[in-house]
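Here's the structure, in structure tokens; my notes come after.
Lettering follows sequence order; numbering is per chain, from 1. Just so we're clear, the structure is a prediction, and the values are computed from it rather than from any experiment.
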Protein chains: 2
Amino acid sequence: MSAVRKTESTGLDGEPADLPEPLPEPDIADLRLEAILGALADSLRLTIVRKLMLEAQAYDHPCGWFGLDRPKSSLTHHFKALREAGIIRQRQYGLERRSRLRRGDLEARFPGLLALVASWQPPSDKK
Amino acid sequence: MSAVRKTESTGLDGEPADLPEPLPEPDIADLRLEAILGALADSLRLTIVRKLMLEAQAYDHPCGWFGLDRPKSSLTHHFKALREAGIIRQRQYGLERRSRLRRGDLEARFPGLLALVASWQPPSDKK
DNA sequence: AGTATAGTACGATAAAACTCGTATAGGAGC
DNA sequence: GCTCCTATACGAGTTTTATCGTACTATACT
């Protein structure tokens, strides 16, 4: 393993520690493949994860950044499903609840899984 | 690509052609990641697929070979779910309906997916 | 033919998941 | 304080999935 620069203390998954506390989520050791596959078995959620993986820039994006055309209460539902499965981490930043992919955790526990999501293409109509 | 020996004619996924017709299943081009992940999001079905992948010997195993402690009608349900998602192929051999993994198709369309299943471990109690 | 066998089909029940309207919370900015 | 904004919480209706008993079909065997 190559040396990793740690300027200050670091938090979960190599993140800086000076961030709001994450919302409740499963520990990396408790990630269950069944639960994760179930959470990914949905094209809207695949879209979310894929976008986080391929287009996330500065880390941590609010719900609106995804540009999903669904009622807000539906989106809350899907983001929560992803978080409870352990796929994303969510933090509260003032008004916004921002999400990031738990990329390191997922790759450590299920190597290759994210590559599958990356290569996924939505069905002709994204519904 | 290396040369593949074809003694006689071959059928789907490189199988010999002189086999009973497979039960209805999606074509390789129609495999949907969402559907496949959904079918795998279950520990009993993961157990089935994993066993097919790691222990299948002569190809094509009947339902009883798996040694699953569930009512027969439940097993029918789960095998059908796997077949309709495109994960297994089923053929009727007299009394028995035997299953095999669509290994080549899956690896071609979703490389790395089966490796995830292979590394899966059932939760402490297989239920 | 009669019996055992492997597995399906049907159907009922129950549990889980999806969808989304409405109401609400709470920080941000004027 | 008042309003705007992002997002949640609650709850209801709908759909999907799981579970499994019972009845049945079709083949194999004697």
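Contact check on A/R50 versus A/E55 returns no salt bridge, with no Lys/Arg side-chain nitrogen under 4.0 Å from an Asp/Glu carboxylate oxygen. No salt bridge links B/R89 with B/D60; every basic N to acidic carboxylate O contact stays at or beyond 4.0 Å.
Within the helix from C/dA1-D/dT30 to C/dC30-D/dG1, the inter-axis angle between the opening and closing five-pair segments is 20°, rounded to 10°.
For A/R97 and A/Q92, the side-chain atoms include at least one donor-acceptor pair closer than 3.5 Å.
Here the nucleotide nearest the side chain of A/H77, chosen from D/dT6, C/dC18, D/dA18, is C/dC18. Among the nucleotides D/dA7, C/dA6, D/dT8, the one closest to any side-chain atom of A/C63 is D/dA7. Of the candidates C/dC18, D/dT8, D/dC20, D/dC20 carries the atom nearest the B/R70 side chain, counting heavy atoms from C-beta on.
Pairing each heavy atom of B/S43 with each of B/W120, the nearest pair is O-CH2, 3.5 Å. Residue A/L114 comes nearest to A/M53 through the heavy atom pair O-SD, 3.4 Å, listed as atom of the first residue, atom of the second, then distance.
One can place CG of A/L82 at 13 Å from P of C/dA17, the figure rounded to the nearest angstrom. Taking atom OH of B/Y93 as the reference point, atom P of D/dA28 lies 14 Å away to the nearest angstrom. Rounded to whole Å, atom P of D/dC5 lies 17 Å from atom CZ of A/R98.
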- Message: Within the 4.0 Å limit for protein heavy atoms, which parts of nucleotides 21-30 of chain C are touched? Write it as a string from 5' to 3', B for base, S for sugar-phosphate only, - for none.
- Response: B----BB---
